[in-house]
Amino acid sequence: MAVCVAVIAKENYPLYIRSIPTENELKFHYMVHTSLDVVDEKISAMGKALVDQRELYLGLLYPTEDYKVYPSHQSPCVESTFPNQLCRYGYVTNSKVKFVMVVDSSNTALRDNEIRSMFRKLHNSYTDVMCNPFYNPGDRIHSRAFDSMVTSMMIQVC
Amino acid sequence: MSLSVLEGMGFRVGQALGERLPQETLAFREELDILKFLCKDLWVAVFQKQMDSLRTNHQGTYVLQDNSFPLLIRMAAGLQYLEEAPKFLAFTCGLLRGALSTLGIKSLVTASVASLPTCKFQVVIQKT
């Protein structure tokens, strides 16, 4: 269901980025890049507030060439007549590593809990990668275990 | 045997711990929170006890004091082996530095022993 998953380092370069329809990969790279601005905005806004940092937010419904923009925060499927709505979600860890996930919400509206659990799994796998003594922090992630976890998230629901 | 090699190893381990230990906790709002996390959660995870005291000059220097440091406690009590003690503290300095660096703080950590098994770790935050 997740169409694209990206892990961005503290310095805002990608450690891992993978998308499912592989022909439009560049488009997803751009999407993730633009989401970073929104993430940064949220982080700085939250510096003052006493809220849970593990934010889960609904980014703009992203317009691809075929689809319209609906800058709505409600359930996207209700208002549109277009099949594919790509929602971007973000998550930031304590070490300022960001996870960005683009999901296709055409089939079922993914609930908040499901997205949260996907991010939790991502975080756990990322921590495992960090603890691997052969991994140098800052390198791209090549771990097969991480790859298989991401694959399982991407083909989860059809 | 170079102390910087030991410190480097401690640094890598600290980076990994700095990722794993705060996983379930909420964001750290300020530097002091991060230092408190080091004194409580990190120390408990590694040495099964908390740090005994944390002092600061509020200008980026923190002194963490442990009155019965587990790595030194079996060696001696008092002034014997004072010259050998730094070898055992190098790894721990790296550990602190690594954890701080994952949490976004660049720092310099040094250790000093006045009498075993009490030791002090001085953390100086590098402002860039």
Side-chain angles (χ1 to χ4, degrees), chain A residues 7-13 15-16 36 39-57 90-99 113 116-141 143 145-146 149, chain B residues 4-47 62 90-109 123 125-128:
Chain A
V7 178
I8 316 284
K10 194 167 16 179
E11 293 85 5
N12 287 339
Y13 62 86
L15 290 175
Y16 183 87
L36 285 182
V39 175
D40 280 339
E41 208 179 279
K42 298 250 174 180
I43 298 183
S44 55
M46 235 169 22
K48 325 289 184 288
L50 303 152
V51 300
D52 185 352
Q53 190 216 23
R54 305 300 166 83
E55 46 156 34
L56 191 68
Y57 72 103
Y91 180 107
V92 185
T93 68
N94 260 318
S95 50
K96 302 288 173 282
V97 165
K98 307 157 187 93
F99 300 132
N113 314 4
R116 277 183 203 269
S117 71
M118 282 161 88
F119 273 126
R120 209 173 310 130
K121 274 199 297 186
L122 252 182
H123 194 179
N124 285 335
S125 302
Y126 174 73
T127 314
D128 286 338
V129 167
M130 254 313 244
C131 292
N132 179 1
F134 296 113
Y135 169 75
N136 293 318
D139 289 350
R140 307 212 68 161
I141 298 182
S143 153
F146 194 80
M149 190 270 317
Chain B
S4 56
V5 173
L6 282 175
E7 213 258 353
M9 290 191 222
F11 183 77
R12 182 66 187 93
V13 175
Q15 282 182 312
L17 280 178
E19 190 68 51
R20 207 183 266 290
L21 291 180
Q23 203 167 342
E24 294 309 316
T25 59
L26 305 176
F28 295 119
R29 270 194 299 281
E30 40 167 54
E31 232 168 58
L32 196 56
D33 284 340
I34 300 190
L35 267 294
K36 285 198 221 161
F37 158 79
L38 283 191
C39 293
K40 296 194 178 135
D41 300 317
L42 184 79
W43 226 244
V44 165
V46 181
F47 300 115
Y62 296 86
F91 184 87
T92 319
C93 291
L95 193 72
L96 286 169
R97 194 165 67 90
L100 282 169
S101 101
T102 338
L103 295 170
I105 299 185
K106 209 158 176 293
S107 59
L108 201 63
V109 182
V123 178
I125 314 273
Q126 324 258 286
K127 294 271 186 260
T128 45

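A note on names: the letters A, B, ... follow the listed sequences, proteins ahead of strands, and every chain is numbered from 1.
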Asn124(A) portion near chain B, given a 4.5 angstrom heavy-atom threshold = both

task = Drop me the distance from Asn94(A)'s CG to Asp33(B)'s CG, to the nearest 0.5 angstrom.
result = 10.0 Å

note = Rounded to the nearest 0.5 Å, the CG atom of Leu103(B) sits from the NZ atom of Lys10(A) at a distance of 8.0 Å

message = Less than 4.5 Å to any heavy atom of chain A: does that hold for the side chain of Arg20(B), its backbone, both, or neither?
response = both

request  = Please tell me if the side chains of Thr93(A) and Gln23(B) come closer than 4.5 Å, counting only heavy atoms from C-beta onward.
outcome  = no

Minimum heavy-atom distance between Gln15(B) and Pro137(A), given as atom pair plus value = OE1-CG, 3.2 Å

note = Scanning both residues in full, the closest heavy-atom pair of Tyr135(A) with Arg12(B) reads O-NH2, 2.7 Å

query = Looking at Ser95(A) and Thr102(B), what are the two nearest heavy atoms and their distance?
reply = CB-O, 3.1 Å

